[in-house]
Amino acid sequence: MAMIQCISPVDGSVYAERAALSFDAAKDVVARARKAQKAWAKRPLEERVQLVLKGAARLNEMSDLVVPELAWQMGRPIKYGGEYKGFNERSNYVASIAADAMAPVVVEESDRFERRIEREAHGVVFVVAPWNYPYMTAINTIAPALMAGNTVVLKHASQTLLVGERLVQAFIEAGIPEDVFQNVFLDHETTSALIAAGSFNFVNFTGSVEGGRSMERAAAGTFTGLGLELGGKDPGYVMEDADLEAAVDTLMDGATYNSGQCCCGIERIYVHESLYDAFVEKSVAWVSNYKLGNPLDPETSLGPMAHKRFAKVVREQIADAVSKGAKALVDPKLFPQDDGGAYLAPQVLVDVDHSMAFMREETFGPAVGIMKVKSDEEALALMNDSQYGLTASLWTQDVGRAARLGREIETGTVFMNRADYLDPALCWTGVKETGRGGSLSVIGFHNLTRPKSFHLKKVTA
């Protein structure tokens, strides 16, 4: 029997392990989910909404368990208190719009015809969640999927092996029927086989580009709907009229928070030449203030990366950039805790360009490159010179200018004077190799349901 292990980045120990389900056992899980779905969908919408909110509330009561578990599994310092702020904001928002999002579009209601478009649940939704924000990324789909009348099967990354168990535990204890929301432990092969067998009506995957490709390959010919949120290389652009302090504070936080392991983290920054020197100086000072260390220490503000192999990628990208002329500005002596393994010092690079993998490939670590630009045109060309497109962060006092530029940027979300935030009222979506589909907002509900048209001609005398 294959075992799935979580190797803790805290000390390299095996923190948790679970047996992977066989294909037949996994098929049984799906069969129970399918059997339970019709009755779940027949419940009143408001009842489903309230049960999901009770599940979220129950998870909040488990914070003493959840927060240290997150530190052990993926290295986020306990100082930050888990993911409850975003988790609750998203749960509450989708609950508040569920009735409107699911309301039928009434075209005609006369003595002759009833014509309307209703929203109907897909059936069984499979959520494949990542380790970097394992609660928040999962709830993006779980909450609206359940509210819309789907049943949900959840599979988490091995790095956050216990998160699915905790979510399902909270929701079942809150009163959601056991077969309506189930957690599974699966290897990649069984996951692909289930999708290829047409087991699910919709699959939502957050993870790597290669993972997304394997999902598409597995689903080929099944016509299963897919939502994919994959890689990113999100840019920031600081214009000459930007609020410099605010830009440094937000962009450096966006580049390094969670050890840089954010889907929409800032990975490259373009600064107008008039602010460039000051921006770089302040950014290096900002990043140098981190305290790298054991995430279970309440003083630690930067924990280890989730796995030493992720830190290795960051080190390799930095070394390659430096070999091509880049300068690393953060003094390594400030971070003696950097052990060459999962514990990695933050870094700011200048004299970078797009010939370097560091400015093109996803880094997903606490390191960022800064380039000087002369104009909006130059910044726009550089921002679009990427195979990814999740978010872009623009820093200016001029809303019209930001909107004009934003329309030209190949991205899913345009921010002005903020970054690294997911607004649940807006659609979370990406372009190019960042994926397809969209979660949250009214559109998220529409992606988790299908339209059904009713054309009812009344008998007339």
Side-chain angles (χ1 to χ4, degrees), residues 2-10 12-21 26 29 59 66-76 82-83 86-87 125-142 152-169 181-195 200 203-216 218 226-232 258-265 295 303-314 342 362 364-365 390 434-435 439:
M3 299 299 287
I4 298 174
Q5 291 187 329
C6 165
I7 307 294
S8 175
V10 175
S13 64
V14 176
Y15 178 66
E17 61 180 350
R18 295 289 185 271
L21 290 180
V29 169
L59 189 78
V66 162
V67 173
E69 274 183 355
L70 274 175
W72 277 107
Q73 289 172 96
M74 52 71 67
R76 188 182 307 121
E83 299 170 17
F87 180 89
V125 171
F126 185 38
V127 178
V128 183
W131 51 262
N132 64 324
Y133 282 94
Y135 287 98
M136 287 203 294
T137 51
I139 205 65
N140 291 354
T141 306
I142 292 166
V152 171
V153 176
L154 172 64
K155 174 205 173 297
H156 257 87
S158 58
Q159 198 64 51
T160 42
L161 202 56
L162 304 182
V163 170
E165 280 187 342
R166 290 285 171 244
L167 277 164
V168 167
Q169 177 191 343
F181 184 26
Q182 298 177 78
N183 178 60
V184 290
F185 301 105
L186 300 173
D187 59 26
H188 294 319
E189 195 181 327
T190 308
T191 301
S192 292
L194 283 170
I195 294 169
F200 307 106
V203 176
N204 189 272
F205 171 75
T206 306
S208 68
V209 174
E210 275 315 304
R213 287 199 176 103
S214 68
M215 292 278 162
E216 284 210 326
L226 291 177
L228 303 171
E229 195 225 302
L230 311 173
N258 205 40
S259 299
Q261 299 166 133
C262 305
C263 305
C264 58
M305 291 192 67
H307 196 284
K308 62 184 180 186
R309 74 174 184 274
F310 305 143
K312 182 171 181 276
V313 169
V314 183
E362 185 168 43
F364 221 60
L390 186 59
T434 291
S439 61

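- S208 and L230 make their closest contact through O-CD2, 3.4 Å (heavy atoms, listed as atom of the first residue, atom of the second, distance).
- Listed for the T160 side chain is no donor-acceptor partner under 3.5 Å among the backbone atoms of V163.
- With sequence neighbours left out, Y15 forms a ring-ring contact (aromatic ring centres under 6.0 Å, His included) with W72.
- Residues meeting the salt bridge (Lys or Arg N to Asp or Glu O under 4.0 Å) test with E17, sequence neighbours left out: none.
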Apply side-chain contact (heavy atoms from CB on, under 4.5 Å) to residues L59 and F87 and explain how you reach the verdict. CA-CA 10 Å; L59 189 78; F87 180 89; 3.5 Å; yes

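- With V153 as the partner, the side chain to side chain contact (heavy atoms under 4.5 Å, CB included) test is satisfied by one option alone out of L186, V203, V184: V184.
- For the pair I4 and A20, the tightest heavy-atom approach, listed with the atom from each and the gap, is CD1-CB, 3.8 Å.
- Every residue two or more places apart in sequence or in another chain was checked for a salt bridge (Lys or Arg N to Asp or Glu O under 4.0 Å) with E229, and none qualifies.
- Scored by the side-chain contact (heavy atoms from CB on, under 4.5 Å) test, N204 finds T141, F202, T206 as partners (sequence neighbours excluded).
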One pair to check against side-chain contact (heavy atoms from CB on, under 4.5 Å): K155 and V127. What are the steps and the verdict? CA-CA 6 Å; K155 174 205 173 297; V127 178; over 6 Å; no

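- By the ring-ring contact (aromatic ring centres under 6.0 Å, His included) test, F181 is found to be paired with F171, residues two or more places apart in sequence or in another chain being considered.
- Partners of Y133 according to the ring-ring contact (aromatic ring centres under 6.0 Å, His included) rule, which considers only residues two or more places apart in sequence or in another chain, do not exist here.
- Panel note: side chain Q5, backbone S158; no donor-acceptor pair is recorded below 3.5 Å.
- In this structure R213 satisfies the side-chain contact (heavy atoms from CB on, under 4.5 Å) test together with V209, E210, R217, E433, sequence neighbours excluded.
- A distance of 6.0 Å separates CD1 of I139 from CG of L167, quoted to the nearest 0.5 Å.
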Could you check H156 against L161 for side-chain contact (heavy atoms from CB on, under 4.5 Å), going step by step and ending with a plain yes or no? CA-CA 6 Å; H156 257 87; L161 202 56; over 6 Å; no

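- Nearest approach of P9 to A342, heavy atoms of both residues: O-CB, 4.0 Å.
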Begin with the C-alpha distance, continue with both residues' side-chain angles, and end with the deciding distance and a verdict on side-chain contact (heavy atoms from CB on, under 4.5 Å) for N132 and C263. CA-CA 8 Å; N132 64 324; C263 305; 3.5 Å; yes

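- Scored by the side chain to side chain donor-acceptor pair (under 3.5 Å) test, E83 finds R76 as partners (sequence neighbours excluded).
- Closest of all the heavy-atom pairs between G365 and V314 is CA-CG2, 3.8 Å.
- Applying the ring-ring contact (aromatic ring centres under 6.0 Å, His included) rule to F310 yields the partners W131, H307; only residues at least two apart in sequence or on another chain are considered.
- With rounding to the nearest 0.5 Å, the separation of NE2 in H188 from CE in M215 is 8.5 Å.
- Annotation for T434 and G231: closest pair OG1-O, 2.6 Å, computed over non-hydrogen atoms.
- The main-chain N or O of Q73 is found under 3.5 Å from a side-chain atom of Q159 such that the two form a donor-acceptor pair.
- Using a 30° and 60° split on the angle between ring planes, F200 and F126 fall in the parallel class, below 30°.
- For the side chain to side chain donor-acceptor pair (under 3.5 Å) test, residues two or more places apart in sequence or in another chain that qualify with T190 are D187.
- No donor-acceptor pair closer than 3.5 Å links the side chain of N140 to the backbone N or O of S439.
- Under the rule for a side-chain contact (heavy atoms from CB on, under 4.5 Å), the partners of E216 that lie at least two apart in sequence or sit in another chain are L226, L228, R436.
- The stretch residues 159-168 participates, sequence neighbours left out, in these salt bridge (Lys or Arg N to Asp or Glu O under 4.0 Å) pairs: R18-E165, E69-R166.
- No donor-acceptor pair under 3.5 Å is formed between the side chain of S192 and the backbone N or O of E189.
- A side-chain donor-acceptor contact under 3.5 Å links S259 to the backbone of G303.
- In plain terms, the two heavy atoms of V10 and A71 that are nearest each other are CG2-O, 3.4 Å.
- The distance from atom CZ of R309 to atom CD1 of I7, rounded to the nearest 0.5 Å, is 10.0 Å.
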